[in-house]
Every structure is written in C-alpha cells, then in structure tokens.
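Proteins come first, then strands; the chains are lettered A, B, ... in the order of their sequence lines, and each starts at number 1.
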Number of protein chains: 2
Amino acid sequence: MKSPAASSSIEDYVKVIYSFTEWQDKPISSTQLAQRLGVANSSVSEMVRKLKDLGLVDHKPYSAVTLTEAGRGLALTVVRRHRLIETFLVEELGYAWDEVHDEAELLEHAVSETFVDRLAAKLGHPTRDPHGDPIPDADGALELPAARLLSELDEGHHGSITRISDDDPELLRYLSREGIDVDTHVEVGPRKPFSGALQVLVSTADGGAGHPAELGEQALHALWVADDTPHEGCTLA
Amino acid sequence: MKSPAASSSIEDYVKVIYSFTEWQDKPISSTQLAQRLGVANSSVSEMVRKLKDLGLVDHKPYSAVTLTEAGRGLALTVVRRHRLIETFLVEELGYAWDEVHDEAELLEHAVSETFVDRLAAKLGHPTRDPHGDPIPDADGALELPAARLLSELDEGHHGSITRISDDDPELLRYLSREGIDVDTHVEVGPRKPFSGALQVLVSTADGGAGHPAELGEQALHALWVADDTPHEGCTLA
DNA sequence: CAATAGATTTCGGTCCACCTAAAATAAGCC
DNA sequence: GGCTTATTTTAGGTGGACCGAAATCTATTG
C-alpha cells in the first residue's frame, strides 16, 4: 500500500501535473510543467522519464504528460497534505489567506501519514481548504463542486465563489480588500468597454446591497463560481 | 540577522554538536558525530570542513569539533524548532511521548521562522518540551535546570525527574509503564548486588506511598534529577 | 623510542536534481 | 511539399551530500 517513499521533487511533479487538470481537462505539456515548477525544460524531460520508469505517468515523446492511476494516487496524497496544512495554518495558527501557500509547500514534504491523519481529525475532517479547494480524504476520494470560471459567465449570472486559485498572493490580497472570499455571493455585471475588466456586484455578508468591484483578466481566471442558479430559479419565484 | 539559510544537513550537524555538550562539557569527536548522524566518518570530515568555512565550527585537524558563536546560534534555533514541534505534537495532536522524536526531526527543517513564532505563541511560550529539555526562546536564551544524572546519585537522595533523554523510544515506553515521567518524584534505593541495576522508589502523583522500579545502566544515564533536596531540608523539619 | 592500534582525513566515485547549449522533432504556413 | 518556428529531447556538466578504501596522523605502550 505504501510505495518506497517518493522524493520531494517527485511529489512536486505529480502534484503539479494533477493540479493542472483538476479544473479542466487538457493535459499539461513539458513547458508548462517546467514553468510551474520553476525549472528548465530539460530538467522536466529527464524527470518525466524517471516518473515514467516509476510508473507514475504516461508519456510519449513530444506529447503531453498524464498521470497513471498510481501517479494520481500519489498526487492526491500530496494534495491532501498540502490542503490540510493550509487549513491548519489558517485556523490554528492565525495565518492569513495569502501567507499559507509557500509554508504549506515546504511542510507537505516533511509530514508523515500519521501526522496528516491526526491533523485531519483535529480539524474535524474538513473537505475544503481556505481557498475552496477540495481536500481528498485518506482514500483519495474527493468531491469537486460543480463550478465555472468567472471569466466564462455572462452578464446577469450570479452565484457564490467556490474557489480562488492561490497561485498569486498579491491577487489574494487584492480580493481580500474588495471583500471577496470563498462563499461570497457575486453578480456578474457589464464588461468595461476597452479595458476588458468586468464589473462584479459583491454582496455583503448580511445580504445588504452589494458594492461593485472591478476584476481584470487575471482575477477572472482565478475565481470559480458555483453553478447554483441558472437564473430561471429566481425569475420563476 | 538571518544567514543565507543552512541546508538541512548543516542544521543536523550543528544540532548534534550542540546537543552533545548540552548536559556535559566534553566536545564531540568526528566518530561520535558520525555515529549520531548515521553517516560515514569520511562524510563528517568533509562536512566539518564546510562548516568551518561557513564559520559555524572551530576545528583543528585530528581533534574535536566545537561550535563558534554563530554555530551555537544556529543550533539553538534548530533545537528550538525541534522542541516546540515535539511539544505541539504531544499537546495538540495527541502524540505519545515516544512517537514525537522522528516526526520532529523531519519537520524541524521545513518550518519558517514565522511558523515557529506563531506555534510558540499558540502553545503559550513553553520553556520545556515533553522530555523536559529546555526550549530556547526566540533570542536563543535558555534556562538549563540544575540537575544531575541519576547514575551519579547515592542511595537516599531524592528529587524530581527533570529530563529524560529521548534517544531511545523503547526506553521511553518502559519508563512510561513504570510510571516515570517528567516531574515524577523519585528516591534512590540500593544497588542490586550483581546486576548493577538500581532500585528507585517512584512516588505516585497524589503523594501516596511510592512503588519500586528497577533501572539498568541505560536508564540511569537517561534520567536527570533536579538538585532540589540535599536531604537536610527534610530531616530538620 | 619505535611499533602499532585507533581515530581522522584524503581520494576517487555515486546518486539526485538541476543547468546550458545543441540537436531532433512537430506543427503551422505559404 | 518544403521552411520556419516553437517545443521537446539529448548531451555534457555542476553542486551537494553521501560512500568505501587507502593514506595519515595521534597516542599508547611495551
């Protein structure tokens, strides 16, 4: 049940490969992998060969990389560790949203399975981390909420934020200042003529009249909105 | 104030060098260092040269290794991390005494200064870890309790256990079964004729009549007793 | 005081993950 | 179909930390 123990590089590779397809289907290319890991393309080539030898990925030369079942299993344990640690940092140690990612990145390679299980128990077996990402359970099962990228929604749609990509701490701080958090309710407004920025109506927690926020491309691709209301529901009532 | 960030090997080396002299004065030799780190002597030689170049140790060829001020400073931060993590594992995650050492060993190299500070705050800035070892504060100051090795005490002495070496989990489990913990009060009894084992009277927590335990060489060198009562105190009262 | 046993260091050599530069391949375009 | 461009792989090389074997030093001790 337990493989020989992957190096932390190996864990990072499968984690990134997994994450890339968590919210969309296209598999990751070498170059994208290299960018996300911050290493040279050549390093990825070598490492992918090793991962293939280990049976963690499928790969034909010059094409995209996908996880095998074993690879996906490993990735899920890494992701579970990462997200539980993030949750712990926010809930127990008072970290802010935008501070947790890097810390978790390091810790996730240093904790034992026992640690993770006990941490999960202490936190009450949470199913989402502070950014709304689902936390796989100990068996690797996870529930992906149905959600769409904010950038794909048309004017008039509304729903609550389900997930916020934690790639860029700077963006997280901006969103924080605009009052946008996981579970915040938003309504999509009009596109600004040339800037491409989108107006969004952000509801206050108490249900009062929302205030507007302007979101650029970067933000639109980092926010996911739950598919709760195809609008009819409201119109009919 | 912060050096470039030592590798985890470097941290391990200075930690072991420091620990060796924490409760006695003789400096550590290459071979002892190699044994405690589980590496070959030749590896130690090389690494000590590097540590010397980094200004962390003093070392003349063919003699013992000692820490410089900088080295001691680094060692203290590592020891602080280690002991705070052990405390956390026991108090917050329900680890047993004998389980924490290895886990802390890994984690201590993966946590940031911020993490350590927040953890310390959450735990209420403890000054001793679960084995009774002193936890240095953020500035590297620590209070070493006056204590003597149980093996050095004569029959009739008594006092409370201040520190229990956590080198051997097996021993920790034995002591646990015998009801010996940090702060347990003990009285030194007679040596058993040939076995060399020592009889010790272990007080129960509520002050009731103690029960005897037999401790061999290994245990006698792992237990430290506070210097609280040179016996007169009691006789005079 | 010379011989030797034990500790320590030096000397090649390994493995891992990374790099740059150069070569090979795939894909788009005229 | 052939050319160019962009992606991907190979080749050769680095630094960190480790190893075993061989050389060297220290310290004893006869």
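Rounded to a whole Å, the CG atom of A:L54 is 10 Å from the P atom of C:dC16. Per the geometry, NE2 belonging to A:H109 stands 15 Å off C1' belonging to C:dC16, to the nearest Å. Here C:dC19 presents its P atom at 10 Å from CG of A:L37, a figure rounded to the nearest Å. Here C:dC18 presents its P atom at 13 Å from CG of A:N41, a figure rounded to the nearest Å. Separating the CG atom of B:L33 from the P atom of C:dT9 is a distance of 10 Å, rounded to the nearest angstrom. Taking atom CZ of residue B:R49 and atom P of nucleotide D:dA17, one finds them 13 Å apart after rounding to whole Å. One can place NZ of A:K60 at 19 Å from C1' of C:dA24, the figure rounded to the nearest angstrom. Following rounding to the nearest Å, B:Q32 (CD) and C:dT8 (P) show an atom-to-atom distance of 8 Å.
Looking only at distances, no side-chain donor or acceptor of A:T162 sits under 3.5 Å from a matching main-chain atom of A:V225. The main-chain N or O of A:D58 is never found under 3.5 Å from a side-chain atom of A:K52 such that the two would form a donor-acceptor pair.
Within 4.0 Å of B:S9, counting heavy atoms only, lie sugar-phosphate atoms of the nucleic acid but no base atom. Among the atoms of the strands shown, only primed sugar atoms or phosphate atoms (P, OP1, OP2) are found under 4.0 Å from some heavy atom of B:A40. Nucleic acid contact for B:S7: sugar-phosphate only, since backbone atoms but no base atoms lie under 4.0 Å from a heavy atom of the residue.
With A:Y95 as the aromatic partner, B:R118 meets the cation-pi criteria of under 6.0 angstrom to the ring centre and within 45 degrees of the ring axis.
In the set D:dT9, D:dC18, C:dA17, the nucleotide with an atom closest to the side chain of A:M47 is C:dA17. Closest to the A:Y62 side chain, of the nucleotides C:dC19, D:dT9, D:dG16, is D:dT9.
Checked by distance alone, A:E46 brings no side-chain donor or acceptor within 3.5 Å of a matching partner on the base of C:dC16.
Neither OP1 nor OP2 of C:dG6 sits under 4.0 Å from any side-chain N or O of B:T31. Phosphate proximity of D:dT7 to A:S29: absent, as no side-chain N or O sits under 4.0 Å from OP1 or OP2. Note on B:H59: every side-chain N or O is 4.0 Å or more away from OP1 and OP2 of C:dT8. Phosphate proximity of C:dC18 to A:S43: absent, as no side-chain N or O sits under 4.0 Å from OP1 or OP2. In this model, the phosphate group of D:dA17 is approached by a side-chain N or O of B:K50 to a distance below 4.0 Å at OP1 or OP2.
A side-chain donor from one of B:Q32 and B:S29 sits under 3.5 Å from a side-chain acceptor of the other.
Each of A:S42 and A:P61 was matched to the nucleotide of DNA chain C holding its nearest heavy atom; the match closer to the 5' end belongs to A:S42.
The ring of A:F20 has its center no closer than 6.0 angstrom to the ring center of A:Y13.
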